[in-house]
*Asks:* 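Just passing along the structure, written as structure tokens.
Counting starts at 1 for both ligands and their atoms, in listed order. Residue numbers start at 1 and run along the sequence shown. Just so we're clear, the structure is a prediction, and the values are computed from it rather than from any experiment. Just the heavy atoms: all of them, side chains too, but no hydrogens, waters or symmetry mates, feed the values below.
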Amino acid sequence: RASAGEEANIPRWVRVNALRSSVEDQLETTFAAYKRTTELQEVIRSPPGATRLVYIDPHVPNLLAVTQGTDLTKTDAYGAGKIILQDKASCFPAYLLDPRSEDGDVVDACAAPGNKTTHLAAVLHGHRPEFESAPQTIFAFEKDSRRAQTLEKMVRIAGSRKQTVIAPGQDFLQVDPEADKYKDVGVLLLDPSCSGSGIVGRDSMPELHLPDALDKQSQGKGAPPPKNGQTVRKRKHGEVEKGEKEASQNLLIDDEGNETVVNSSKDLQARLEALSSFQLIILLHAFKFPSAKRITYSTCSVHAAENERVVMKALQSDIARRRGWRILRRDDQVSGLRDWDVRGLPEECGGDTEIAEGCIRSHKGDGRGVMGFF
Ligand code: SAM
């Protein structure tokens, strides 16, 4: 579970929404009482009650790290969509994809709640401020209709409604890449469901030795214990109900809050296999868009099974070979991320260091103040 230390090592990351505001504007308003620092560690370590600090991130444009402890959701800027609370690593995909007007339309395949959809809109706007009237569309697909409502709301508040076509309840895998309306899709962002093991507050490997904790839980609730591998219900990120603390150590909670009972490493492996098969299918489907030039694939998982191994299998597929899909070399990546030195695992990339270097990772608890991400 979350260790207090793990959470204490994370600042509050704030993405300034370029569609509604600017870093300068936010430094003068929302963060006017904060002191500027060039040391991220100072922000991470600033104790409660001390002067609040703000740091401008050197890797991702329009990203700030501020002292934890203030509820920024109560600020005017948050209510007006000027700031979005988004972990630094979660800002990598849209920035790395770097959609430009010459790339044509954009797809966000698994979009809710919309952090990356709204970031894509902001990146487009940055390249072309007249974007409001530009005939360039972000197609945002979301299979879960309930989650699509959150996406709708977020896109509206962030000011990217005009550019974004939301398809609530739309399974990306049922979208026909050859359809006329997608003929100009040049870039795709894939951020599919994953184990969520990189989220701060989640174990990468749940404890596997507490079978009687589940019995206790079921006695308390008068319900039979769920079967191994069965998804039992959804919960919000980080939510742990009273009396469930012990039992929750047997639950794998994914990035959407689905719980799966995991009582053995076999269960965990089965869950990872199911997730990675789905992730690979999503990636192979994206390869089929006729005008596609660039794709980002991301997860908030620490497991190579969901990350490098999915990428390697995708690259070895027939369609990848036929269409010439390859990893974008580190040197060809956007400048801020070229400088980010945490890269893919070479041993999971068949020893190919160029592929590993093309992959970007982050590790929670390594002092960089971010979640585990790929
Ligand atoms: N990109 C989002 C963001 O940054 O806010 C987070 C996406 S979340 C990791 C994955 C989302 O994909 C979930 O909302 C899930 O319902 C959706 N999803 C899963 N399978 C899908 C599919 N086949 N087609 C479309 N959406 C899907």
*Asks:* Would you check the N or O atoms of Lys143, main chain and side chain alike, for any that come under 3.5 Å of an N or O of ligand 1?
*Replies:* yes

*Asks:* Yes or no on ring pair (Phe, Tyr, Trp, His ring centres under 6.0 Å) for Tyr95 and His119, after CA distance, side-chain angles and deciding distance?
*Replies:* CA-CA 8 Å; Tyr95 173 49; His119 193 189; 7.4 Å; no

*Asks:* Give yes or no for whether the N/O distance cutoff of 3.5 Å, strictly under, is met between Glu142 and ligand 1.
*Replies:* yes

*Asks:* State whether the shortest distance between N or O atoms of Leu173 and N or O atoms of ligand 1 falls below 3.5 angstrom.
*Replies:* no

*Asks:* Assess His119 for proximity to ligand 1: is some non-hydrogen atom of it under 4.0 Å away?
*Replies:*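 Judged by the 4.0 Å heavy-atom criterion, His119 does not count as contacting ligand 1.
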
*Asks:* Please verify whether a non-hydrogen atom of Ser90 lies at under 4.0 Å from ligand 1.
*Replies:* no

*Asks:* For ligand 1 and Cys110, I'd like to know whether there is a polar contact (N/O to N/O, distance under 3.5 Å).
*Replies:* yes

*Asks:* Once you round to the nearest 0.5 Å, how far does CE of Met154 lie from CD1 of Ile166?
*Replies:*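 Separation between the atoms: 11.0 Å.
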
*Asks:* Have a look at Asp98 and tell me which of His127, Gln333, Arg294 forms a side chain to side chain donor-acceptor pair (under 3.5 Å) with it.
*Replies:* His127

*Asks:* What do you reckon, does Lys116 have a nitrogen or oxygen under 3.5 Å from a nitrogen or oxygen of ligand 1?
*Replies:*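 Yes; the residue has a nitrogen or oxygen that sits under 3.5 Å from a nitrogen or oxygen of the ligand.
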
*Asks:* Compute the shortest N/O to N/O distance between Asp108 and ligand 1 and return yes if it is under 3.5 Å, no if not.
*Replies:* no

*Asks:* Just distances here: any N/O of Ile282 and N/O of ligand 1 closer than 3.5 Å?
*Replies:* no

*Asks:* Among Phe31, Trp13, Tyr55, which one satisfies side chain to side chain contact (heavy atoms under 4.5 Å, CB included) with Leu64?
*Replies:* Phe31

